[in-house]
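A short worksheet on the structure shown next.
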Amino acid sequence: SQTIHQWPATLVQPVGSPLSLECTVEGTSNPNLYWYRQAAGRGLQLLFYSVGIGQISSEVPQNLSASRPQDRQFILSSKKLLLSDSGFYLCAWSTGSYEQYFGPGTRLTVT
Amino acid sequence: AQSVTQLDSQVPVFEEAPVELRCNYSSSVSVYLFWYVQYPNQGLQLLLKYLSGSTLVKGINGFEAEFNKSQTSFHLRKPSVHISDTAEYFCAVSDDNYGQNFVFGPGTRLSVLP
């Protein structure tokens, strides 16, 4: 069966520090991968999606970037965090089965 | 472009009472519809989905939803809620079968009161 992992689960970082969040998927190949952000009390905002290795589409201009170095690995990065980057970050994947499947999320607090 | 409206941002309901969470979508093409649930500090879990066929779909945890094409709605219902149903519920619509082009609603916070 398919499994999606995200780490770390929680992270507290100072303003201006770098960021790296990782997402890996097991049990499927060539998935579409997605990064979403949830600000406190708000809905889901799609940040990036990828249909293959090295192929990244950005939905929202910001100081975040994403990379897909391997088929089932998706990384979210920033060179310098802002206070507004705080939130709950969710990774998701999909294939030919219509729906998206979500990971457990990473709670990021920028101080 | 597709859009999803969840008119109720918060729904308080007493335990064992029925509940309906409303979802309306805007799309000019055939759509696939989904309901997800999110418990605090967790990812989203698929409750149910409508792809085709019967307009009444049943999901996990006793939830069901009815697709109404003429009203472009996909309301979620449960006849008797439990405290453990307290969570955020998201409606989503997609127009492709590969899981792309997902559009989520803003969510409805269901609070079940004792």
Measuring centre to centre across the rings, with the benzene-like ring taken for any Trp, is F34(B) within less than 6.0 Å of F90(B)? no

Within a strict 4.5 Å, meaning less than it, do heavy atoms of the D85(B) and I83(B) side chains meet? no

So if I take each residue of residues 70-88 of chain A and look for any heavy atom under 4.5 Å from a heavy atom in chain B, which residues do I end up with? F88(A)

Residue Q38(A) versus chain B: region with a heavy atom under 4.5 Å: side chain

Taking the side chain as everything from C-beta on, heavy atoms only, tell me whether Q6(B) gets closer than 4.5 Å to L76(B). no

Please state whether the side chain, the backbone, both or neither of Q45(B) comes within less than 4.5 Å of a heavy atom of chain A. neither

Should L19(A) and L64(A) count as side-chain neighbours, where that means a heavy-atom distance under 4.5 Å? yes

Side-chain touch Y89(B)/L47(B), heavy atoms, less than 4.5 angstrom: yes

Heavy-atom side-chain contact between L44(B) and Y36(A) under 4.5 Å: no

Salt-bridge test for R77(B) and E64(B): reply yes if a basic N is under 4.0 Å from a carboxylate O, no otherwise. no

